[in-house]
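The structure under discussion appears below in the form of structure tokens.
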Amino acid sequence: MHRYVWHSHYVAAILAPMPSQNLISVAENAISARLQDSSSGDISPDELNAAKYALIQLRCLKTLVEEH
């Protein structure tokens, strides 16, 4: 079981043998949607940090996918 709602999308993109822009976008969108909840205080500091880190990793992955 994944700790955060968006985590399964993130893992699918990161661990895919050949990640696609679509997988990455789905993960980014799931994280972004969850981060919108942070304005209402509905997200823990740990999840907020994990989400920010995950977005950085996805941007790096997106760059690698675009280069190939």
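Quick caveat: nothing in here was measured; it's all calculated off a predicted structure.
Atom CG of L55 and atom CG of L35 lie 6.0 Å apart (nearest 0.5 Å).
Across every non-hydrogen atom of V65 and I24, the tightest pair is CG2-CD1, 3.9 Å. Heavy atoms only, all atoms of each residue included: L23 and P19 are closest at CD1-CA, 4.4 Å. Across all their heavy atoms, L61 and A13 have their closest contact at CD2-O, 3.4 Å. Looking at every heavy atom in both residues, S8 comes nearest to V5 through OG-O, 3.9 Å.
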Distance-only check: which donor-acceptor pairs under 3.5 Å involve side-chain atoms of residues 41-51, not counting sequence neighbours?
from: S44; atom 1: OG; to: E47; atom 2: N; distance (Å): 3.0
from: E47; atom 1: OE1; to: R34; atom 2: NE; distance (Å): 3.4
from: E47; atom 1: OE1; to: R34; atom 2: NH2; distance (Å): 3.1
from: E47; atom 1: OE2; to: W6; atom 2: NE1; distance (Å): 3.0
from: E47; atom 1: OE2; to: R34; atom 2: NE; distance (Å): 2.9
from: N49; atom 1: ND2; to: P45; atom 2: O; distance (Å): 3.4

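The stretch residues 57-68 participates, sequence neighbours left out, in these side chain to side chain donor-acceptor pair (under 3.5 Å) pairs: E28-K62, Y53-Q57. Contacts classified as salt bridge (Lys or Arg N to Asp or Glu O under 4.0 Å) and involving residues 9-20 (residues at least two apart or in different chains) are not found. Within the structure, ring pair (Phe, Tyr, Trp, His ring centres under 6.0 Å) contacts touching residues 9-43 (residues at least two apart or in different chains) are H7-Y10. Listed by first then second residue, pairs satisfying salt bridge (Lys or Arg N to Asp or Glu O under 4.0 Å) with a partner in residues 5-17 number zero, not counting sequence neighbours.
I31 is connected to V11 through a chain of hydrophobic side-chain contacts under 4.5 Å among Ile, Leu, Val, Met, Phe, Trp and Tyr, so both are in one cluster. One hydrophobic cluster, built from ILVMFWY side chains closer than 4.5 Å, holds both L15 and L58.
In the hydrophobic clustering, where aliphatic and aromatic side chains (Ile, Leu, Val, Met, Phe, Trp, Tyr) are joined below 4.5 Å either directly or transitively, I56 stands alone.
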